[in-house]
Engineer: 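Here it is, the structure in full.
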Amino acid sequence: MPGTLYIVATPMGNLEDISFRAVRVLNEADLIAAEDTRHSRKLLNHYNISTPMIACHEHNEAQRSAGLISRLNKGETVALISDAGTPLISDPGYKLVRMAGEEGIRVVPVPGCNAAVAGLSAAGLPTDSFLFLGFPPKKQGRQCAALEAVKPNTATLVFYESPKRIKALIKRAEDILGNRSACLARELTKRHEEFIRGSLSRILAELETREQVKGECVLFIQGADPGEAAVSPEDLRTVILDRLKENPGTGALAKELASAFNLPKKQVYDTILSLKAD
Ligand code: SAM
C-alpha cells in the first residue's frame, strides 16, 4: 500500500495558528518536506516535533518530487509544509501533488492559515465572490495588462505583493481600475498587524507618509460596480471572437463571460452561437 501525502498548513506569524491535527500529522509522518528546513525548525522545536525534514523548494521541487514519490510508493507518510500558510498557494508543491495524483497516491489536505482568506475575513470588502490573483507580474507592461484584464470583474480582487512593490501596485491599480475601495492587510497575525482601509488613493497617501513600507502585504480591491462592468455589444463580440480561437465549449465560455461582464448568461450564449454560425 502506498503511503499518504499530507499537505499541511502552518502558521504565517503567530505560532499558535496551527491545528491539533496538523501537529499530530507532523509528529506521526515519516518525513516532512519543507520549503526551508531552517525556517521550519523553529515551528517544529516549538511543538517538540522530531520528524526528519528534507528541503523541497521551487528550485529542486521537480527532482525532489521523484524521490518523495518513491518513498510514498514504499508506504511512507510524507507531510509537505511551506514557510507560511497553505502549501501550493503561491508556494511550492504543485508538481509533487500532481505526480502523487498520477501515481494514485492519496493526497490529504490539513487546512489552516492562508493570508488571502485571513485578510479577506477582516478587510471589510465583499466576500461573496473573490478572485485570488497571487503575485502580480513584476514588469510594468504585464502588470498593467493583468489589471486591465480583471477590470470588469465584479469579485473582490486579492493580490500578494512584496512591501518593496506595493506602492507601485496601488498606484497602477488606481490608474487602471479607478479609485476603488480597498484594504491593505500587513503582517497578519504578527505583532505589527495592520489593516489600512479606504480608497486606493487614501491607502497610498498613508503609505507615502512612511519612510518605508515593511512586512508582508495582501491587497484587497473591491470588484467592479455591476453597472460599470457592462460592456458594449461590440466589445462583447470582440472578446468572444478572440476567445473562440481557443476553441472553448460554448456553455463554459458563456458562463465565464456572463460572470465577468455581469450579463445574463443566455444573452452571452446566444451571441456566441450567432458568431460561431457566421
Ligand atoms: N502560502 C501562503 C499562504 O497560504 O498565504 C502564501 C505564501 S507567499 C510565498 C507569501 C506572500 O503571502 C507574502 O508576500 C504576502 O503577500 C502573503 N503573506 C504571507 N504571510 C503574510 C502575513 N503574515 N501577513 C500578510 N501577508 C502575508
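Indexing begins at 1, ligand by ligand and atom by atom, following the structure's order. Position 1 is the first residue of the sequence, and the numbers go up from there. No experiment lies behind these values; they were computed from the predicted model shown.
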Engineer: Backbone N or O of Ile221 within a donor-acceptor pair of the Arg180 side chain at under 3.5 Å?
Structural biologist: no
Engineer: Measure from the side-chain N and O atoms of Thr154 to the backbone N and O of Pro226, and report whether any donor-acceptor pair falls under 3.5 Å.
Structural biologist: no
Engineer: Considering the heavy atoms of Thr86, write down every atom of ligand 1 situated less than 4.0 Å from one of them.
Structural biologist: 1 (N), 3 (C), 4 (O)
Engineer: With heavy atoms of Ser90 as the reference, note each atom of ligand 1 found under 4.0 Å away.
Structural biologist: 7 (C), 8 (S), 9 (C)
Engineer: Tell me, which protein residue and heavy-atom name are nearest atom 14 (O) of ligand 1, and how many Å apart are they?
Structural biologist: Phe135 CZ, 3.3 Å
Engineer: Nearest protein heavy atom to atom 22 (C) of ligand 1, by residue and atom, and its distance?
Structural biologist: Leu188 N, 3.6 Å
Engineer: Can you tell me which portion of Glu193 lies within the under-4.0 Å heavy-atom range of ligand 1? Options are side chain, backbone, both, or neither.
Structural biologist: neither
Engineer: Main chain of Phe132, side chain of Tyr160: is a donor-acceptor contact present, judged purely on distance under 3.5 Å?
Structural biologist: no
Engineer: Test your reading of the model: is there a side-chain donor-acceptor pair from Arg64 to the backbone of Ala55, 3.5 Å cut-off?
Structural biologist: yes
Engineer: Heavy-atom contacts under 4.0 Å between Cys217 and ligand 1: side chain, backbone, both, or neither?
Structural biologist: backbone
Engineer: Identify whether the distance between the nearest side-chain nitrogen and carboxylate oxygen of Lys171 and Glu174 falls below 4.0 Å.
Structural biologist: no
Engineer: Closer than 4.0 Å to some heavy atom of Asn114 - which atoms of ligand 1 meet that?
Structural biologist: 3 (C), 4 (O), 5 (O)
Engineer: Which atoms form the tightest heavy-atom contact between Leu5 and Ala100, and what is the distance?
Structural biologist: CD2-CB, 3.9 Å
Engineer: Passes salt bridge (Lys or Arg N to Asp or Glu O under 4.0 Å), Arg172 versus Glu161? Steps please.
Structural biologist: CA-CA 13 Å; Arg172 279 183 205 130; Glu161 188 52 295; over 6 Å; no
Engineer: Using a 4.0 Å cutoff against the non-hydrogen atoms of Val218, which atoms of ligand 1 qualify?
Structural biologist: 25 (C), 26 (N)
Engineer: Given that the side chain starts at C-beta and the backbone is N, CA, C, O, which of these parts of Ala115 lies under 4.0 Å from ligand 1, counting heavy atoms, or is it both or neither?
Structural biologist: both
Engineer: Give the intermediate values and the outcome of salt bridge (Lys or Arg N to Asp or Glu O under 4.0 Å) for residues Glu234 and Arg237.
Structural biologist: CA-CA 5 Å; Glu234 196 186 314; Arg237 278 197 293 274; 5.8 Å; no
Engineer: Considering only the protein, which heavy-atom contact is closest to atom 20 (N) of ligand 1, and what is its distance?
Structural biologist: Glu216 OE2, 3.4 Å
Engineer: For atom 5 (O) of ligand 1, find the nearest protein heavy atom and state the residue, atom name and distance (0.1 Å precision).
Structural biologist: Tyr160 OH, 2.6 Å
Engineer: In the protein, which heavy atom is nearest to atom 6 (C) of ligand 1, and how far is it?
Structural biologist: Ile89 O, 3.4 Å
Engineer: Can you confirm whether more than 12 heavy atoms, excluding those of Glu58, are under 6.0 Å from its CD atom?
Structural biologist: no
Engineer: Applying the 4.5 Å side-chain criterion to the ILVMFWY set and letting contacts propagate, would Ile49 and Leu43 be lumped into a single cluster?
Structural biologist: yes
Engineer: Using a 3.5 Å cut-off on N or O atoms only, is Thr189 in polar contact with ligand 1?
Structural biologist: no
Engineer: Tell me which one of Gly93, Ala84, Pro11 gets a heavy atom nearest to atom 2 (C) of ligand 1.
Structural biologist: Ala84
Engineer: Rounded at 0.5 Å granularity, tell me how far OG in Ser50 sits from CG in Leu26.
Structural biologist: 11.5 Å
Engineer: Going by the atom numbers of ligand 1, which of them fall below 4.0 Å from some non-hydrogen atom of Lys190?
Structural biologist: 23 (N)
Engineer: Quick check: does Met12 get an N/O under 3.5 Å from an N/O on ligand 1?
Structural biologist: yes
Engineer: Mark up the atoms of ligand 1 that fall under 4.0 Å of a heavy atom belonging to Asp91, in ascending order.
Structural biologist: 1 (N), 2 (C), 7 (C), 9 (C)
